[in-house]
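Down below is the structure, laid out as structure tokens.
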There are 2 protein chains.
Amino acid sequence: MTDTHAPRPTDAIGFASHDHHACIEGTVAAVAARCADEGLHLTPVRRRVLEILLARHRALGAYEILDVLRDEGLGSQPPVAYRALEFLTKHGFAHRIEGMNAFAACTHPGQDHDAAFLICTGCGAVAEAPVEPARAALERTAEAAGFTIARTVLEAEGLCPNCSQSHPS
Amino acid sequence: MTDTHAPRPTDAIGFASHDHHACIEGTVAAVAARCADEGLHLTPVRRRVLEILLARHRALGAYEILDVLRDEGLGSQPPVAYRALEFLTKHGFAHRIEGMNAFAACTHPGQDHDAAFLICTGCGAVAEAPVEPARAALERTAEAAGFTIARTVLEAEGLCPNCSQSHPS
DNA sequence: ATTGATATGTTATTCTATTACCCGTAACAA
DNA sequence: TTGTTACGGGTAATAGAATAACATATCAAT
Ligand SMILES: [Zn+2]
Ligand SMILES: [Zn+2]
Ligand SMILES: [Zn+2]
Ligand SMILES: [Zn+2]
């Protein structure tokens, strides 16, 4: 894609470097634990899709994910990917990025929850940011109109710290 | 679609009743004036797409718009609709609703601008809300991460005042 | 063994969006 | 008048994203 410059999203979470291997394993373990708790089935396909998302730390389209699954013999048709993504997003283990028709792993998997996203147009990295401040602001706006919010889509596109430097505008 | 209950989005703007005929004419006139000012060409197809969006006060998919254009002999292939929509969105006369893959007319056409949207899942009405409070909140969050925002997607789905009553939850 | 619930496999289709190429006209210069 | 350029539009083909529908498998609980 537009990966024409340096910073590797693979190494970024919240745009900071970290122990990526541990990050993946830890998150998968946490998700597996929550599934066990709640009687959810983290099946091979679902687990693998989560791993694929975690490994990139960026938003992936369903068909990109499907390509990987196909290479690994885990499924080759769209519904395979979409069903796994539905499971993951429904339970708050991944999020859909509306502005990109793509999906990203949740970085603090908990109950089904809305989130805010910072999406770098330079390197594709996606960071999950606290949703509350912006959501609260929207709530106030909505309240004034008599509108009851059920779900929010809060996404910001721009440049991450790494790309701000390399793309000096 | 899901238009199974009473309130007609056609009669709502910001979820309040208003003189719809004047609303459409006024907005088209304002847009025409701005185009004249800035040397933009509000061609028949572009004007008609704007009118179609204004007439509904809800988000329309490109193909819904294309259906209308086709009936009127103004074009029958996808690029006709997408080109007009690109013109309108590029100049701030309409907005794309990311969460719906759809488009809505701007209710205060000015320079190219981001906006926040309140989308009623009951009747489909879309209201353009002030973007600043929520955007400012996101800005603060982003700043803390060293992230520079270029564009925001702020959308809230829920129930408008009319639908809150008819759908007593 | 039979049933019911859940997860997968597979095909086809729908919906959304873009690319590429060609045509006609307006504006402007040679 | 004749290029030449810029722009908008017509059309066909294709790409990309998502779902519908139906068949099959798996497994636990009777
Ligand atoms: Zn999350
Ligand atoms: Zn970046
Ligand atoms: Zn607007
Ligand atoms: Zn409503």
Side-chain angles (χ1 to χ4, degrees), chain A residues 1-2 31-32 35-36 38-50 52-53 58-91 93-104 124 153 155, chain B residues 1-2 31-32 35-36 38-50 52-53 58-91 93-104 124 153 155:
Chain A
M1 293 287 117
T2 33
V31 168
C35 286
E38 302 177 22
L40 303 174
H41 292 338
L42 187 62
T43 64
V45 177
R46 293 168 177 177
R47 172 188 290 259
R48 188 65 192 115
V49 169
L50 176 61
I52 292 166
L53 290 175
R58 65 179 182 85
L60 292 178
Y63 280 69
E64 283 182 272
I65 293 167
L66 185 58
D67 286 343
V68 178
L69 293 179
R70 183 180 296 122
D71 288 348
E72 299 176 355
L74 273 173
S76 60
Q77 302 303 322
V80 174
Y82 280 101
R83 290 199 277 239
L85 289 167
E86 182 187 13
F87 171 85
L88 294 173
T89 54
K90 179 174 171 184
H91 296 101
F93 303 139
H95 297 287
R96 178 182 165 81
I97 312 291
E98 297 290 347
M100 308 177 72
N101 290 341
F103 301 82
V153 175
E155 301 170 4
Chain B
M1 297 280 122
T2 34
V31 168
C35 286
E38 302 178 22
L40 303 174
H41 292 339
L42 187 63
T43 64
V45 176
R46 293 169 178 177
R47 172 189 289 260
R48 189 65 191 114
V49 170
L50 176 61
I52 292 166
L53 290 175
R58 65 179 181 87
L60 292 178
Y63 282 72
E64 283 181 274
I65 293 167
L66 185 58
D67 286 343
V68 178
L69 294 179
R70 182 166 17 233
D71 287 348
E72 299 176 354
L74 273 173
S76 60
Q77 303 302 320
V80 174
Y82 281 101
R83 283 169 186 152
L85 288 166
E86 182 187 13
F87 171 86
L88 294 173
T89 54
K90 179 174 170 183
H91 296 101
F93 303 140
H95 298 286
R96 179 180 167 80
I97 312 293
E98 297 290 348
M100 309 178 70
N101 291 340
F103 302 82
V153 175
E155 302 170 4

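Predicted, not measured: the structure shown is a model, and the values here were computed from it. Protein chains get the first letters and strands the later ones, always in sequence-line order, with residue 1 at the start of each.
- Between A:Leu74 atom CG and C:dT10 atom P there is a gap of 12 Å when expressed in whole angstrom units.
- Screening residues 66-89 of chain B for ring pair (Phe, Tyr, Trp, His ring centres under 6.0 Å), with sequence neighbours left out, gives B:Phe87-B:His91.
- Atom pair B:Ile65:CD1 and C:dT16:C1' shows a separation of 12 Å (rounding to whole Å applied).
- Atom-to-atom, CD of A:Glu38 to P of C:dT6 comes out at 16 Å; the value is rounded to the nearest Å.
- Base engagement by A:Arg83 is indicated by at least one non-hydrogen atom pair under 4.0 Å involving a base atom.
- In this structure, A:Glu98 places its CD atom 14 Å from C1' of C:dT16, rounding to the nearest Å.
- If you find the closest nucleotide of DNA chain D to B:Arg46 and to A:Ala62, the one lying nearer the 5' end belongs to B:Arg46.
- The nearest whole Å value for the distance from the CG atom in B:Leu40 to the C1' atom in C:dA26 is 17 Å.
- Regarding A:Tyr82, its OH atom lies at a distance of 16 Å from the C1' atom of C:dT11, rounded to whole Å.
- Nearer the 5' end of DNA chain C, as judged by each residue's closest nucleotide, is the contact made by A:Gln77, out of A:Gln77 and B:Gly61.
- In this structure, A:Glu86 does not pair ionically with A:Arg46, as no charged nitrogen and carboxylate oxygen lie closer than 4.0 Å.
- Among all heavy-atom pairs drawn from B:Ala104 and B:Ala59, the shortest one is CB-CA, 4.3 Å.
- If you measure from atom CG of A:Leu69 to atom P of C:dG9, you get 10 Å, rounded to the nearest angstrom.
- Without hydrogens or angle criteria, B:Glu38 side chain to B:Cys35 main chain gives no donor-acceptor distance under 3.5 Å.
- Without hydrogens or angle criteria, B:Glu155 side chain to B:Glu98 main chain gives a donor-acceptor distance under 3.5 Å.
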Problem - Worked verdict on A:Val49 versus A:Val68 for side-chain contact (heavy atoms from CB on, under 4.5 Å) - result: CA-CA 9 Å; A:Val49 169; A:Val68 178; over 6 Å; no
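- Distance, A:Asn101 CG to C:dT16 P: 11 Å, rounded to whole Å.
- Taking a heavy-atom distance under 4.0 Å as the criterion, the stretch of DNA chain D touched by chain B extends 5' to 3' from D:dG8 to D:dA12.
- Residues satisfying the salt bridge (Lys or Arg N to Asp or Glu O under 4.0 Å) criterion with A:Glu72, sequence neighbours excluded, are A:Arg48.
- Stacking of B:Tyr63 onto the six-membered ring of C:dT16 is present: less than 5.5 angstrom between centres, less than 30° between planes.
- With the nearest nucleotide of DNA chain D identified for both B:Pro44 and B:Pro79, B:Pro44 has the one nearer the 5' end.
- Here B:Arg96 reaches the OP1 or OP2 of C:dA17: one of its side-chain N or O atoms lies under 4.0 Å away.
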